[in-house]
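So that the names make sense, note that chain A is the first sequence line, chain B the second, and so on, each numbered from 1.
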Protein chains: 2
Amino acid sequence: MTNKKLLDGPLSVKPRPRPTGNLHDWLARSIGERILAGEFVPGALLPNEAAWGRIYDVSRTAVREAIKTLTGKGLLLSRPKIGSRVEPRDRWNLLDRDVLTWHRSAIDRRSFAASTQEARRVIEPGVAALAARKRTVEQLDRLIAAMEAMRNAKSVQVNVAADLEFHEALLQAANNDLLMPFGIIIEQALRNLFDYTSQRNPRLSIAIKLHEKIVHAVIDQDMEAARQAMLRLIDDTDAVIAATSPLKK
Amino acid sequence: MTNKKLLDGPLSVKPRPRPTGNLHDWLARSIGERILAGEFVPGALLPNEAAWGRIYDVSRTAVREAIKTLTGKGLLLSRPKIGSRVEPRDRWNLLDRDVLTWHRSAIDRRSFAASTQEARRVIEPGVAALAARKRTVEQLDRLIAAMEAMRNAKSVQVNVAADLEFHEALLQAANNDLLMPFGIIIEQALRNLFDYTSQRNPRLSIAIKLHEKIVHAVIDQDMEAARQAMLRLIDDTDAVIAATSPLKK
DNA sequence: GCAAGTGTTATTGTATGACAAATAAAAAAC
DNA sequence: GTTTTTTATTTGTCATACAATAACACTTGC
């Protein structure tokens, strides 16, 4: 950091808790978080590259690479003489791992949980039905193994991992590339749920039974049964969330 | 282009049909297409930055920015001393506009149509149901306006645009951010359908009636009716696709 | 006044060269 | 054989210079 041109006045807007790891990654994260937090709304013009460089005391190269990363995620569009403008929300790749993480930390927990559960309710029953129809035997094995791991889990951590693996395996068994990106929502929904309960799930045995119904439907290749079983599982998750205090954190 | 270090031997692997517009955008597209086409499979190591520079006769700067773009889309991961490695497929942001386009041109039309229709069948009925429950009056107005435009359309182009607008409006009316990224699938599905028929849709009047049923269900806030109406619409689209020659192009 | 062209200027785009940091792989030491 | 050290390769970061683009102000001609 031999950047001589430090901001010398009161215009120095932001602190710079200089990080670990790659500079451009960290920059992309910093700027991305600020966009998702609403500091720069869609249509707004960002500070220009040189300004970012001054704000964070980094070279224009690093700034540009960070901006390219964010552009790749659909958050920005840069044009000469104009600058970098925040894209409309419907262009954002909200299912990108990073973007979803920033989004999650920008909104309150409960409404995030509500969105994820709502989205799961739209998609996962159909995924379960597809998996029931199209799964290969290898994919079925993976699902059964995840079920087994869930049943035998001795700790909450192991249980959560098995749960994630179960839903990931189911999604993969649906054999449709275009649905795979949805996995990140399931993952976030379950992690969020885990943050809520944070203890041993009191309904764990119920949850296990519900998962088993899905497995059986997939074994039988019964699309409707799979769909219904998944719906009941999501209902149960909603119940767990509803049972936690709305004021918690 | 004053790059003196041209490849001088028979190792010069690729042509360079130097493009229009931004170099790094074009580079990202070129490399992205090659990845989606399977030239570099997940886990494979890409040529290093300097090599790309030689291959396309561009500076390392441009190469790095292109790679950052692709990394932002989840296709790559770069590490010092290693290089840039193609990420596993489930990390790819397949719902990114660019990535989906590259994917589309990398696989054959029919299987792309099959995937998109299958995905729509999973997602859109639930979206229609959600929209029926949660739409605001403004959102309903937008939906009705799209319906009107569809009814009055004099050309295929206008009809397709209205159709896209209809489904986009419906998706927006579902009021769930996490579902918005799926809009790109619907868009691609409809565009693909248009490429198929490429003429005036012989079932146009049927399609319009099916869309109207959805509108009425959303007006009535009848979730089940909306779901069923959407399912019937997708069935109809499948029928149109099935009616076209499997050998066409 | 106003339309059309013309120049000015702010911003991103591209190139080059240099060095830092990370780390896999090879070499050396034990 | 195992551990440690060195080396080499690749990405990461910086600085600087200039090109390309296009919004905006300005002139010019009518």
Note to self: Rounding to an integer number of Å, can you tell me how far A:Glu65 CD sits from D:dT11 P?
What the structure shows: 12 Å

Note to self: Regarding C:dA15, can its base be found pairing with the side chain of B:Thr61 as donor and acceptor, where the two atoms are less than 3.5 Å apart?
What the structure shows: yes

Next item on the list: Could you state the atom-to-atom distance from CG of A:Asn48 to P of D:dT21 in whole Å?
Entry: 20 Å

Note to self: If the threshold is 4.0 Å, N to carboxylate O, is there a salt bridge linking B:Lys73 and B:Asp98?
What the structure shows: yes

Item checked: Between C1' of C:dG13 and NE2 of B:His24, the distance in whole Å -> 7 Å

Margin query: Please report the distance, rounded to the nearest Å, between NZ in B:Lys68 and C1' in C:dT14.
Written below: 16 Å

Next item on the list: Please report the shortest heavy-atom distance between B:Gln117 and B:Ala189, naming the atom on each side.
Entry: OE1-CB, 4.0 Å

Next item on the list: Answer with yes or no whether A:Arg60 presents, from its side chain, a donor or acceptor under 3.5 Å of a partner atom in the base of C:dG13.
Entry: yes

Next item on the list: Send over the distance from B:Ile67 CD1 to D:dG12 C1', rounded to a whole Å.
Entry: 12 Å

Next item on the list: Describe the nucleic acid contact of A:Arg79 in one word from base, sugar-phosphate, nothing, applying a heavy-atom distance below 4.0 Å.
Entry: sugar-phosphate

Notebook entry, point to check: Out of D:dA15, C:dT23, D:dA22, which nucleotide sits closest to the side chain of A:Ser59?
Noted result: D:dA15

Notebook entry, point to check: Roughly, in whole Å, what's the span from CZ in B:Arg64 to P in C:dG13?
Noted result: 16 Å

Next item on the list: Would you kindly give the CG-to-P distance between B:Asn22 and D:dA20, to the nearest whole Å?
Entry: 13 Å

Next item on the list: Establish, from distance only, whether the side-chain atoms of B:Arg104 and B:Asn192 form a donor-acceptor pair under 3.5 Å.
Entry: yes

Note to self: Can you identify which nucleotide, out of C:dT14, C:dA24, D:dT13, has its nearest atom closest to the B:Ile82 side chain?
What the structure shows: C:dA24

Notebook entry, point to check: Rounded to the nearest Å, what distance is computed from the CZ atom of residue B:Arg54 to the P atom of nucleotide D:dT10?
Noted result: 9 Å

Check: Can a salt bridge be assigned to the pair B:Arg151 and B:Glu148 using a cut-off of 4.0 Å between side-chain N and carboxylate O?
Finding: yes

Next item on the list: Report the relative orientation of the aromatic rings in B:Phe182 and A:Phe182; use parallel for angles under 30°, tilted for 30 to 60°, perpendicular for over 60°.
Entry: tilted

Checklist line | Closest to the A:Pro80 side chain, choosing from C:dT14, D:dA20, D:dC14 | finding: D:dA20

